[in-house]
Amino acid sequence: MYEAVIGLEVHLHLKTRTKAFCGCQADYFGAEPNTHVCPVCLGLPGALPVPNRKAVEFGLRLALALGSEIPPRLVFHRKNYFYPDLPKNYQISQYDLPLGQGGSLPLGKRAVRIKRLHLEEDAGKSLHLEGRTLLDLNRAGSSLIELVTEPDLKTPEEARLFLQRIQALVQTLGISDASPEEGKLRADVNVSVRRVGEPLGTKVEIKNLNSFKSVQRALEYEIRRQTEILRRGEKVKQATMGFEEGSGKTYPMRTKEEEADYRYFPEPDLPPVAIPRDWLEEVRRSLPELPWEKEARYRALGIKEKDAEVLAYTPAWARFFDQALKTGLASPQALANWLLADVAGLLNERGLELTQTHLTPEGFARLVALFEGGRITSRVAKELLPEVLEGQDPEALVRARGLGVVADEGALKALVAEVIAAMPEAAESVRQGKLKALDALVGQVMRKTRGQARPDLVRRLLLETLGVG
């Protein structure tokens, strides 16, 4: 019996206004190539780096959220390596004194241990076109956090979930957009396969995976590949692999480097940066409610476990939901039901994000309250939702169109009698105990009331009229 052992290296672009060690604008996405550059990030002689205070603060926020140990000072190192798209031919990074060591991230009923997280600068981007390689250095020097886990993950699905949890955390903290499609969250995975109970196997690294789906697919293939090698009695070779999206296969890139190959040494142009304890405590006090804390609060409100998890780990939805909760107009579970089912379904159908609509938390809560209070039916609420999504007042819509619940039993009894007379076969089936036919009768009454009658009331009146207990 074989099992996989997986560790992740996650690269997160920080939402700083400028790059890690210079004053260039860091919002390069969609800009013309090589327009966000200066002597520092181009590595020109005589240019000196200056640490970005906001990048350090963002790193501290993540380290504190994960419960990492934070040193009294930061020391930057040079990581020497041939980077075609990093003009200095070395990367300013951290080595033996990173911004954070240890800590963990909750994942289900257990926690994934964090080995370290450190600040560094990003490389540029190589574009391979028609036999030529073009360099865009807009990204070179941008602020990054690299977060390294212990080998605590067991399956590709767990690795994907971990990345989704990290994305939710940094978005909640406001330190990174963490959007894989913009290259603002990238991952390298380390995976080995062993027999259950045996020591760790030979580790293989898969580089530069830029989507959650790619991480899962690459791991699935690589685990199968290593398992087959071991079953043949052969040894897995340590290597750095790439992943080909089209074929879904990994391929060798180069022999795996060791730490010594990078020839780390302290960055001579950057003195150590002190982290005053009062600053650290100020950053700690500024932390928002974390996703796992939010999930616990939602569950304490009586929200179903799965609903609480989805809301807590979807920051934009959590913010909207909390604002709707504050209105006090509808129950927490009713709000969760409508948000995660009906609103989510409508947004998915239209290809929209919640923030791209005019739906307000108060307008949403008022619509749910109309339904929960029995003033409109579920059918009417669903019909009104697209207009409420466009910013319309649900109560005004109900008044203007006369969509309130039909609760007049006298009027409903007359409709019930009409339907029974028009559908004698279905009525007789119900009298004989075949209650499946009741649904057809209920549906016909609901159509006559334009969906404005309460279905439970209609059912009761039908059964009473037909003499069925």
Side-chain angles (χ1 to χ4, degrees), residues 2-13 79-86 91 93 112 115-116 118 120 122-128 133 139 144-164 166-167 180-181 183-195 198-263:
Y2 292 94
E3 67 175 0
V5 179
I6 301 166
L8 295 176
E9 297 174 15
V10 186
H11 298 86
L12 296 158
H13 262 261
K79 181 180 181 182
N80 293 276
Y81 188 73
F82 175 66
Y83 294 89
D85 39 18
L86 192 60
Q91 180 187 41
S93 183
V112 175
K115 183 175 183 179
R116 59 181 279 145
H118 61 261
E120 62 186 22
D122 203 354
K125 187 175 182 180
S126 298
L127 305 172
H128 305 290
T133 296
R139 193 174 68 186
L144 281 184
I145 282 182
E146 180 174 335
L147 182 148
V148 183
T149 76
E150 297 287 359
D152 286 352
L153 298 159
K154 301 297 183 185
T155 66
E157 293 78 11
E158 278 193 348
R160 180 174 182 165
L161 179 59
F162 178 88
L163 290 172
Q164 291 170 331
I166 282 290
Q167 181 188 52
E181 60 274 9
K184 294 180 179 178
L185 186 156
R186 307 193 300 276
D188 302 337
V189 302
N190 295 293
V191 56
S192 63
V193 174
R194 65 179 177 184
R195 288 188 183 276
E198 290 187 352
L200 292 175
T202 302
K203 180 176 66 177
V204 168
E205 183 178 28
I206 309 172
K207 298 286 286 186
N208 297 325
L209 299 168
N210 56 10
S211 74
F212 301 142
K213 185 177 181 181
S214 293
V215 167
Q216 183 168 339
R217 291 178 66 217
L219 281 169
E220 288 169 348
Y221 176 80
E222 184 60 24
I223 290 168
R224 288 197 303 270
R225 187 187 75 86
Q226 291 188 33
T227 301
E228 290 169 5
I229 290 173
L230 295 175
R231 282 177 174 159
R232 293 197 301 265
E234 301 171 7
K235 290 185 177 180
V236 174
K237 295 179 181 179
Q238 186 169 347
T240 298
M241 311 286 278
F243 177 66
E244 189 177 71
E245 293 282 353
S247 66
K249 297 179 179 180
T250 58
Y251 61 90
M253 294 174 66
R254 57 182 181 269
T255 304
K256 174 65 180 167
E257 299 85 8
E258 302 293 343
E259 274 189 2
D261 296 324
Y262 293 123
R263 306 188 315 282

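Quick caveat: nothing in here was measured; it's all calculated off a predicted structure. In this chain, numbering begins with 1 at the start of the sequence shown.
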Close side-chain approach of Ile166 to Leu12, heavy-atom, < 4.5 Å: yes
Ile223 vs Tyr2, test: side-chain contact (heavy atoms from CB on, under 4.5 Å). Steps then yes/no. CA-CA 10 Å; Ile223 290 168; Tyr2 292 94; over 6 Å; no
Phe162 side chain reached by Asp152 side chain, heavy atoms, under 4.5 Å: no
Pairwise side-chain contact, His13 with Leu144, heavy-atom cut-off 4.5 Å (strictly under): yes
Close side-chain approach of Thr250 to Phe243, heavy-atom, < 4.5 Å: yes
Shortest non-hydrogen pair, Arg160 vs Lys213, comes out as NH1-CA, 4.2 Å
So, for Glu244 and Tyr251, which heavy atoms are closest and what is the spacing to 0.1 Å? N-CE2, 3.9 Å
With a 4.5 Å cut-off on side-chain heavy atoms, are Asn210 and Asn208 touching? no
Within the 4.5 Å heavy-atom criterion, are Leu219 and Ile6 side-chain neighbours or not? yes
Going by heavy atoms in the side chains, are Pro199 and Arg194 under 4.5 Å from each other? no
Are the side chains of Leu86 and Tyr81 in touch, meaning some heavy atoms are under 4.5 Å apart? no
Given Glu222, which partner from the list Glu220, Gln226, Arg224 fulfils the side chain to side chain contact (heavy atoms under 4.5 Å, CB included) test? Gln226
Got a salt bridge between Arg116 and Glu146, using NZ or NE/NH1/NH2 to carboxylate O under 4.0 Å? no
Is a side-chain N or O of Asn80 found less than 3.5 angstrom from the main chain of Arg263, in a donor-acceptor match? yes
Is the count of non-hydrogen atoms from other residues, nucleotides or ligands lying under 6.0 Å from Lys237 atom NZ greater than 12? no
